[in-house]
Amino acid sequence: NLYGVDASELRKTANGSKSRAPAYSLAYKLVAKSGGRYLSIFDGTTEYRIGETLHQAAQRDHNGGYYVYRTMSDAYHADLPRAVALPRGQDVDWVVMEVRIGGKRVAYESGKRAISELTPVREVPNTEVWHEEY
């Protein structure tokens, strides 16, 4: 009523629509930062750009998807395999990114999740990660 919309027309439109908008939520991802770019720690080539959505089918048994965590702290302290393409070093730092996630999700006992759709939102300052821990 506030905007002059007929409530009965609105109900017809809502009830007649079979499609639903995808459910999105926020999560956190540990990435390598090198030369101002955000890259996959694991393959060293996948680039994460703020606002750009990436898609990869999430599959069980670590066979696909982008790996994220529910909290900043969990992402920062993630158990990573020893062999990674971009270890921390002179020109590489590891940072936590806040990401919008959607699509299929596969949960692992470690707390890690594989997801099918990922959009980087921002780099999380270390002070926010540390604040969350305490």
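Numbers for residues simply follow the sequence, beginning at 1. Please read these numbers as outputs of a predicted model, since none were measured by experiment.
Between Tyr67 and Tyr108, the two ring planes are tilted [angle within 30° to 60°].
Between Ile50 and Glu123, the shortest heavy-atom distance links the atoms CD1-N, 4.3 Å. Minimum interatomic distance between Ser116 and Ala58 (heavy atoms only, all atoms of both residues): OG-N, 2.9 Å. Closest non-hydrogen pair, Ser40 versus Leu86, comes out as O-CD1, 3.5 Å. Nearest heavy atom pair, residue Lys29 against residue Ala75, reads N-CB, 4.2 Å. Heavy atoms only, all atoms of each residue included: Ala78 and Tyr69 are closest at CB-OH, 3.4 Å. In this structure, Ala114 and Gly65 approach most closely via the heavy-atom pair CB-CA, 4.5 Å.
Side-chain contact between Arg105 and Glu117 is absent, with no heavy atoms from C-beta onward closer than 4.5 Å. Using a 4.5 Å cut-off on side-chain heavy atoms (C-beta onward), Met97 and Arg122 make no contact. Within the 4.5 Å cutoff, no side-chain heavy atoms of Asp43 are placed close to those of Val84. Looking at Ile41 and Leu30, their side chains come closer than 4.5 Å, going by heavy atoms from C-beta outward.
The number of heavy atoms from other shown groups lying within 6.0 Å of CG (Asn63) is above 12. Atom CZ of Arg60 sits in a sparse spot, with 12 or fewer heavy atoms from other residues, nucleotides or ligands closer than 6.0 Å.
Considering only residues two or more places apart in sequence or on other chains, Thr53 meets the side-chain hydrogen bond (donor to acceptor under 3.5 Å, both in side chains) condition with Thr119. Annotation: side-chain hydrogen bond (donor to acceptor under 3.5 Å, both in side chains) contacts of Ser34 (sequence neighbours excluded): none.
Defined by atom type and a distance below 3.5 Å, a donor-acceptor pair is missing between the side-chain atoms of Glu47 and Tyr38.
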Exercise. In sequence, state the C-alpha distance, the side-chain angles, and the governing distance for Leu39 and Tyr48, and then conclude on side chain to side chain contact (heavy atoms under 4.5 Å, CB included).
Key: CA-CA 6 Å; Leu39 302 165; Tyr48 304 100; 5.8 Å; no

Exercise. May I have the step-by-step check of side chain to side chain contact (heavy atoms under 4.5 Å, CB included) for Tyr28 and Val68, ending in yes or no?
Key: CA-CA 5 Å; Tyr28 300 91; Val68 298; over 6 Å; no

Quiz item: Step by step, would you call Leu26 with Val99 a side chain to side chain contact (heavy atoms under 4.5 Å, CB included)?
Solution: CA-CA 6 Å; Leu26 291 177; Val99 295; over 6 Å; no

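Side-chain heavy atoms closer than 4.5 Å link hydrophobic residues (I, L, V, M, F, W, Y) into clusters, and following such links, even through other members, never connects Val106 to Phe42.
Tyr76 does not carry Arg70 over the face of its six-membered ring by the limits of under 6.0 Å from the centre and within 45° of the normal.
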